[in-house]
Structure formats: structure tokens, C-alpha cells
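Please read the structure below before turning to the comments.
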Amino acid sequence: MVDIEAKDDNGKWNLSPQLKTSTSYRTLDIDDDTIELLKNHKKQQEKGKMKCSPDYEENNLVCCTSTCGVIRPTYLRTVFNRTIEKSGVK
């Protein structure tokens, strides 16, 4: 998990220490523009949280449903296939 509020002394974004296994550690280069996009996305999620307060699930997800629920793979597959069909890609 990226802490989008703090960079280290070398200008790298800090990661959460919560890893599934010791081999799960990864270093990702993310530019400042991407961090700004993520911050703006988080603000939008906060607005959504206010709109549906009683139904809002606090899952700490970046990509989620409008109530912060987990996006089901079947939904992603449906949207992906619909996008392919509309674009004419074969």
C-alpha cells in the first residue's frame, strides 16, 4: 500500500509494511502526476462516502464500487468484453 502523503529522503513514495509474505515486497516508480491523480481519486471517494454513508464499506480500496465494495471479476470481464465489442477489436 502506498502512503500518498509522504516521500522518503530520496524522493521515493513510502510503502505500508503490511505485506502478505516476505517475498511480496516490490518497489514501484510512480511519478508525481500519478500521485496527484491518486490523491484526486481519493477525494472523489471521500465525496462518495458522504453520499452513501450508511451503505459505505471501509475497505481501503483504490478501485472499488460506488459504496467502496470489492469489484467482482465477472463485472470487470463484462465491461471489458463490452468495450472490446464497441471498439471493434477482434
Side-chain angles (χ1 to χ4, degrees):
M1 178 180 300
V2 176
D3 177 355
I4 63 171
E5 300 301 322
K7 283 185 180 182
D8 65 16
D9 293 335
N10 297 320
K12 300 286 184 180
W13 295 98
N14 293 324
L15 299 177
S16 167
Q18 301 171 6
L19 300 174
K20 187 174 176 182
T21 68
S22 61
T23 59
S24 295
Y25 182 82
R26 300 288 186 273
T27 299
L28 303 174
D29 287 330
I30 300 176
D31 62 24
D32 291 338
D33 292 337
T34 303
I35 293 299
E36 279 305 308
L37 288 170
L38 289 170
K39 285 181 179 182
N40 289 333
H41 181 66
K42 186 174 183 177
K43 287 177 189 175
Q44 291 300 319
Q45 284 181 322
E46 290 298 321
K47 288 179 185 177
K49 182 178 181 177
M50 299 281 223
K51 288 181 183 176
C52 63
S53 287
D55 297 326
Y56 196 82
E57 302 172 39
E58 193 60 62
N59 291 317
N60 250 353
L61 300 172
V62 173
C63 297
C64 57
T65 66
S66 61
T67 59
C68 204
V70 174
I71 298 174
R72 304 217 183 280
T74 53
Y75 173 75
L76 288 176
R77 187 170 35 255
T78 300
V79 172
F80 181 71
N81 289 336
R82 188 180 311 139
T83 304
I84 288 173
E85 188 175 314
K86 285 182 180 179
S87 70
V89 174
K90 294 184 181 189

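Residues: numbered from 1 along the sequence shown. Computed from a predicted structure; not experimentally measured.
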- prompt: Within a reach of under 6.0 Å around CD of Glu46, are more than 12 heavy atoms found that belong to other residues, nucleotides or ligands?
  reply: yes

Would you give the length of the straight line joining atom [atom1] of [X] to atom [atom2] of [Y], rounded to the nearest 0.5 angstrom?
X	Y	atom1	atom2	answer
Thr34	Leu28	OG1	CG	11.0 Å
Asp32	Lys39	CG	NZ	8.5 Å
Cys63	Gln45	SG	CD	8.0 Å
Lys47	Lys42	NZ	NZ	15.0 Å

query: Is a side-chain donor or acceptor of Thr78 paired with a backbone partner of Thr74 at a separation under 3.5 angstrom?
result: yes

message: If I compare all heavy atoms of Val62 with all of Leu38, which pair ends up nearest, and what's the gap?
response: CG1-CD2, 4.1 Å

task: Quick one: name the residues clustered hydrophobically with Val79, using the 4.5 Å side-chain heavy-atom rule over I, L, V, M, F, W, Y, and just say none if it's on its own.
output: Ile71, Tyr75, Leu76

